[in-house]
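All values below come from the heavy atoms of this structure, side chains included, with hydrogens, waters and symmetry mates left out. Throughout, residue positions are numbered sequentially from 1 according to the sequence presented.
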Amino acid sequence: MTEVSQLKVGVLGGTGPQGRGLALRWARAGISVVLGSRSAERAEAAAAELRDLAGVDAITGLDNAACAAAADVVLVAVPWDGHRDLLESLRLELAQKIVIDCVNPLGFDKQGPFALPVEEGSAAQQAALVLAESRVTAAFHHVSAVLLADLGVSEVDIDVLVLGDDREATDTVRALADAIPGMRGVYGGRLRNAHQVEAFTANLIAINKRYKAHAGIRVTDL
């Protein structure tokens, strides 16, 4: 498996629950993390909180452009409605880098969550079209932010489906999943298959609401 301990991981949307949770777990695993936000001050404030929680110093906060420029691998964990605009603004900073898209295009109404149609097929495919010079992957869609933030949960019991068209990139992302105790990165196919992975998040939200749980997925017979 790819060695990731020397990588610096940037988290765009690092002040939101999913980004903060993954940043916290990676920092606890010894990986350097940079949180990105529209405001550098807000990003650094969040980083200071995570440094205290994680008991490590290797978490910093910068504005989104500086975060993308400083990192080796960049996780995109931003709201769907700002997804395209943010990536278009960071084309230069993200060129040649591995980009992990974990955005779920979902809507909510009285019947609950549902998958939104995406012109490009999925959020990850939109990212790949916008970031033509980046190595776009899709992963971490189904991980509970609540479990990530709770360090009383020593192992996050979940498989992370990793999709992409670049074998080296998907191996690196799988290794980042494996770095978090309890997690396992599993190759889930080409990027064109990202839609159903993103959409399945709506099913998991419904499951978790009905059963008052933080369910994820496990792939059997591997």
Side-chain angles (χ1 to χ4, degrees), residues 1 4 9 11-29 31 33 50 53-54 75-81 83 100-118 121-125 127 137-164 170 172-222:
M1 184 57 70
V4 294
V9 179
V11 181
L12 301 176
T15 58
Q18 193 78 1
R20 282 171 59 99
L22 286 166
L24 175 63
R25 294 290 178 159
W26 280 325
R28 291 271 290 188
I31 296 169
V33 180
L50 293 187
L53 282 173
L75 176 78
V76 182
V78 299
W80 167 239
D81 58 5
H83 182 260
I100 310 166
D101 200 298
C102 75
V103 174
N104 298 307
L106 299 179
F108 296 85
D109 61 18
K110 292 180 180 179
Q111 297 183 62
F114 60 95
L116 295 172
V118 179
S122 65
Q125 287 170 290
T137 65
F140 300 104
H141 301 90
H142 305 145
V143 186
S144 166
V146 174
L147 294 183
L148 290 171
D150 184 357
L151 293 181
V153 178
S154 59
E155 296 192 356
V156 183
D157 182 23
I158 193 171
D159 283 339
V160 172
L161 294 178
V162 181
L163 297 90
T170 57
T172 298
V173 179
R174 286 175 53 224
L176 283 170
D178 289 349
I180 298 174
M183 261 189 211
R184 180 177 64 163
V186 176
Y187 174 69
R190 297 277 187 165
L191 206 65
R192 68 183 182 181
N193 293 316
H195 167 72
Q196 56 264 37
V197 174
E198 296 170 4
F200 186 65
T201 305
N203 301 87
L204 280 176
I205 292 171
I207 290 167
N208 289 330
K209 183 177 180 180
R210 171 67 65 89
Y211 297 101
K212 296 180 173 57
H214 301 292
I217 63 170
R218 277 294 191 194
V219 179
T220 61
D221 200 31
L222 291 182

Closest approach of Gly19 to Val11 (non-hydrogen atoms, all atoms of both residues): CA-CG1, 3.6 Å
Using only atom types and a distance under 3.5 Å, with no angle test, would you say the side chain of Asp101 pairs donor to acceptor with the backbone of Val76? no
Working to the nearest 0.5 angstrom, can you tell me the gap between His214 NE2 and Asp157 CG? 13.5 Å
Check for a donor-acceptor pair, side chain of Asn208 on one end and backbone N or O of Tyr211 on the other, with a separation under 3.5 Å. no
A side-chain contact here means heavy atoms from C-beta on lying under 4.5 Å apart; do Leu222 and Val186 qualify? yes
Go through the steps for Val9 and Val4 under the test side chain to side chain contact (heavy atoms under 4.5 Å, CB included), then give the verdict. CA-CA 9 Å; Val9 179; Val4 294; over 6 Å; no
Non-hydrogen atoms of Ala215 and Leu204 that approach each other most closely: O-CD2, 3.9 Å
Flag the pair Val160 / His142 as yes when at least one side-chain heavy-atom distance between them is below 4.5 Å, and no otherwise. no
Hey, are the side chains of Val103 and Glu198 touching, using non-hydrogen atoms and a 4.5 Å cut-off? no
Could you walk me through whether Leu50 and Val33 satisfy the side chain to side chain contact (heavy atoms under 4.5 Å, CB included) test, starting with their C-alpha distance in whole Å, then the side-chain angles of each, then the deciding distance to 0.1 Å, before giving a yes or no? CA-CA 10 Å; Leu50 293 187; Val33 180; over 6 Å; no
Spacing of Phe140 atom CZ and Leu148 atom CG [to the nearest 0.5 Å]: 9.5 Å
With a 6.0 Å cut-off (strictly less than), is the heavy-atom count around CZ of Phe108, excluding the residue itself, greater than 12? yes
State, with a plain yes or no, whether a side-chain heavy atom of Leu24 is found less than 4.5 Å away from one of Leu151. yes
Could you report the tightest heavy-atom contact between Arg218 and Gly182, atom names first, then the distance? NH2-O, 2.8 Å
Measuring from Trp80:CH2 to Asn104:CG, what's the distance to the nearest 0.5 Å? 10.5 Å
dist Ile217:CD1 -> Leu161:CG (nearest 0.5 Å) comes out at 4.0 Å
Minimum heavy-atom separation for Cys102 to Ala139, with atom names? CB-O, 2.9 Å
Do you know which two heavy atoms are closest between Ala115 and Ala199, and how far apart they sit? CB-CB, 3.6 Å
For Arg210, look at atom CZ and say whether over 12 heavy atoms of other residues, nucleotides or ligands are found less than 6.0 Å away. no
Are the side chains of Leu176 and Leu75 in contact, using a 4.5 Å heavy-atom criterion? no
Interatomic spacing from CZ in Phe200 to NE2 in His141 - rounded to 0.5 Å: 13.0 Å
Within this structure, what is the CG-OG distance for the pair Leu191 and Ser122, rounded to the nearest 0.5 Å? 5.5 Å
Would you find a donor on one side and an acceptor on the other, under 3.5 Å apart, between the side chain of Arg192 and the backbone of Gly121? no
Would Arg25 and Val156 count as a side chain to side chain contact (heavy atoms under 4.5 Å, CB included) if you check the C-alpha gap in whole Å, the side-chain angles of each, and the deciding distance to 0.1 Å? CA-CA 10 Å; Arg25 294 290 178 159; Val156 183; 3.9 Å; yes
Determine the minimum heavy-atom distance between Gly107 and Leu116, stating which atoms define it. N-CG, 3.5 Å
Within the 4.5 Å heavy-atom criterion, are Asp150 and Leu147 side-chain neighbours or not? no
Is the shortest side-chain heavy-atom distance between Arg190 and Leu163 below 4.5 Å? no
